[in-house]
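Heads up, the thing below is written out as structure tokens.
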Amino acid sequence: MVATAQIEKFVAAQPAVDEQAPELARLAAALRGAFGTSFTFWDAQTGELLHVSTQQPASNDPFRGELARAVHGSEPQFISDEDSVLLLAVPLPLLQGRSTVATAAFVVRPVAAHEQFSGVSQLLGVDQSRALAWILRQTIWSPEAILRLASAVQSQIQAEERARQLQTEVEKLSHNLASTYEEICLLHGVTQNLRIKSDEEQLCGMVLRWLLDCLPTQTVAIQLLPVAKEGQITYRARTKSVLLTAGQCPVENEQFRQLIEALNLEVGCGPLVANRAVTESVSWQFPNVHELIVVPMTEGDRVFGWLAVLNHAAGGEFGTIEASLLNSVAAMLGIHSSNRDLYRQQSEFLASVVRALTSAIDAKDPYTCGHSDRVARISVRLAKELNCESEMLHTLYMAGLLHDIGKIGIDDAVLRKPGKLTEAEFEHIKDHPELGYRILADIKQLADVLPAVLHHHEQWDGRGYPFKLAGDQIPFIARIVAVADAYDAMTGDRPYRPGMPVERVDQIFKNGAGQQWDPEVVKAYFSAHDEVLTIAGEERANLTLDVQQWT
């Protein structure tokens, strides 16, 4: 135990090989366990002493280092033969690809006191009497046994070394697989949320949190750029840049814009990686940003935003692995932003078409100007009372605006007639649901409103038109528009009569529930009664077609 402590102390004192001391100690222990004596270790390339034996004389003799450096091949061999004492050399691997040679002297025959030991004493670095005393204390080995045992120990050490290398490779592979799995999960999570109607900022927020967990960074940031100009939109869209962050962000929105500008990034540029070699230069203007990767979120020639990681979590450097992942995520987000904006532009176009059609209805029958708008808003209010989802509210608003579009095809003389209609004229008026259906049928984006246009004059008891549907046969959307349409028609002034008082309208609804109208919709009317009166009493609101902005 004392000898082992001395060896470890000696090895630890060598500044050039501190990192290899544990490995040398392991190799020394393996040889000492097999041969019962300690070995000295030399660098096979330079002959430098790496680990000294305290049990053998002249263990640190530089001449032995020269002999070790001159070893040929990889097999154990004797490098000095002084009759009764052989010097064994065992080539061995060491970590980090550095080769070593272990040496030790062995007695290979019995000796007599009268023999001359000049060669042995020179090898051992002691006088002949001390050389004899040392020889007499040693075990007698046969050269063949020494080489066989040395080969066996060498093979064992090499096998253990290979096993450790494989273990290290397995650990690295496991780490890489874990990282790759995390990245695949992240990318899968992004793709699963790339629905066209997914809220862009919510999606980016999720991505930021995922990236913060996945990458060695202090901050992940996304700056979303404007997609429309203020005052030129119907549906909600960004008119100013927005900075979304996760972690401790060292910059604000305007500083981030200045950072992108300073980096001179453009459409089509790949990931930009900047570590301290760049950020510690005199020209760097952002002292709180030490490492970063910035990637554009693009589709075609348009930039929708910038995805960035700022400041390495461990003070290290960002590299190609992080840049590649960010590039993939940014590409997905860019495509999603582009699709959302295309969807918004289509919705804007559709809104323009609806406005034009609504204006055409009003121009056809100025006396009922605003009727379609009021029906639309009352329909939305009734639908909210019936717990309809937001998509249904939007559809109902469109349906309310367009429910009478077929009146464009009705003769003006009949439509504006101040007196009672003849039977033939009433039959002509009853054509407007089917006319409206045919007008809108080829506009795919309005497919969901067609049931309301075609069936808003059907009655619960089956006595309506155009197809005399009854009860649940009538589309739900048409049943809601029917109540809203009836309310505004009864309370509004007409050329042939003034509007009815609300009390009388309420009584008509009570009597007609379950006969002319869906009783559940009539119930919703009475539940939202005060708000319906408010809507009916307002001037034309000219509200945006994005119902979510005003409901």
Let me confirm one number: the [atom1]-[atom2] distance from [X] to [Y], rounded to the nearest 0.5 Å.
X: Leu124; Y: Asp61; atom1: CG; atom2: CG; result: 10.0 Å
X: Asn387; Y: Met392; atom1: CG; atom2: CE; result: 12.5 Å
X: Gln218; Y: Asn288; atom1: CD; atom2: CG; result: 10.5 Å
X: Arg148; Y: Ser151; atom1: CZ; atom2: OG; result: 9.5 Å
X: Leu123; Y: Phe63; atom1: CG; atom2: CZ; result: 8.5 Å
X: Ile321; Y: Leu326; atom1: CD1; atom2: CG; result: 12.0 Å

Derivation and outcome, side chain to side chain contact (heavy atoms under 4.5 Å, CB included), residues Arg302 and Asp341:
CA-CA 11 Å; Arg302 189 174 177 188; Asp341 197 55; 2.8 Å; yes
Side chain to side chain, [X] and [Y], heavy atoms closer than 4.5 Å:
X: Ser337; Y: Glu200; answer: yes
X: Leu292; Y: Leu263; answer: yes
X: Leu211; Y: Leu307; answer: yes
X: Asn275; Y: Phe318; answer: yes
X: Val449; Y: Thr395; answer: yes
X: Leu31; Y: Leu27; answer: no
X: Pro91; Y: Ser99; answer: no
X: Val108; Y: Asp81; answer: no

Could Arg26 and Glu23 be called an ion pair, given the rule that one side-chain N must be under 4.0 Å from one carboxylate O?
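A salt bridge is present here (some side-chain N lies under 4.0 Å from a carboxylate O).
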Please determine if Glu115 and Arg109 form a salt bridge, counting it only when a charged side-chain N lies under 4.0 Å from a carboxylate O.
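Yes, Glu115 and Arg109 are salt-bridged.
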Classify the ring geometry between Phe41 and His51 as parallel (under 30°), tilted (30 to 60°) or perpendicular (over 60°).
perpendicular
Taking the inter-plane angle between the rings of Phe35 and Trp141 on a 0 to 90° scale, is it parallel (under 30°), tilted (30 to 60°) or perpendicular (over 60°)?
tilted
Provide the closest heavy-atom pair for [X] versus [Y] in the form atom of the first, atom of the second, distance.
X: Val126; Y: Ser121; answer: O-CB, 2.9 Å
X: Asp448; Y: Ile477; answer: O-CD1, 3.8 Å
X: Val111; Y: Leu136; answer: CG2-CD2, 4.3 Å
X: Ala34; Y: Leu149; answer: O-CD2, 3.4 Å
X: Leu50; Y: Leu24; answer: O-CD1, 3.8 Å
X: Val278; Y: Ser281; answer: O-OG, 2.7 Å

Verify, without hydrogens or angle tests, whether [X] (side chain) and [Y] (backbone) share a donor-acceptor contact under 3.5 angstrom.
X: Gln223; Y: Asn253; result: yes
X: Glu322; Y: Gly319; result: yes
X: Gln55; Y: Ser38; result: yes
X: Ser338; Y: Gly334; result: no
X: Arg238; Y: Leu225; result: yes
X: Thr100; Y: Leu92; result: yes
X: Gln154; Y: Ser74; result: yes
X: Gln138; Y: Trp134; result: yes
X: Gln77; Y: Glu75; result: yes
X: Glu291; Y: His312; result: yes

Is the number of heavy atoms from other residues, nucleotides or ligands within 6.0 Å of [atom1] ([X]) greater than 12?
X: Arg130; atom1: CZ; value: no
X: Gln45; atom1: CD; value: no
X: Glu254; atom1: CD; value: yes
X: Glu252; atom1: CD; value: no

Answer yes if the ring centres of Phe256 and Trp306 are under 6.0 angstrom apart, and no otherwise.
no
Side-chain H-bond candidate by donor/acceptor type, Thr40 with Gln56, under 3.5 Å
no
Val251 vs Thr219, test: side chain to side chain contact (heavy atoms under 4.5 Å, CB included). Steps then yes/no.
CA-CA 10 Å; Val251 295; Thr219 307; over 6 Å; no
How far apart are the C-alpha atoms of Ser241 and Arg257, what are their side-chain angles, what is the distance that settles it, and do they pass the side chain to side chain contact (heavy atoms under 4.5 Å, CB included) test?
CA-CA 9 Å; Ser241 65; Arg257 184 196 66 78; 6.0 Å; no
For side chain to side chain contact (heavy atoms under 4.5 Å, CB included), just list the numbers for Lys384 and Leu393, CA-CA rounded to whole Å, side-chain angles, deciding distance to a tenth of an Å, and then say yes or no.
CA-CA 7 Å; Lys384 287 183 67 178; Leu393 301 184; 3.7 Å; yes
Do any pairs count as a ring pair (Phe, Tyr, Trp, His ring centres under 6.0 Å) and have a residue in residues 266-298, sequence neighbours left out, and if so which ones?
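Output for this query lists Trp284-Phe286.
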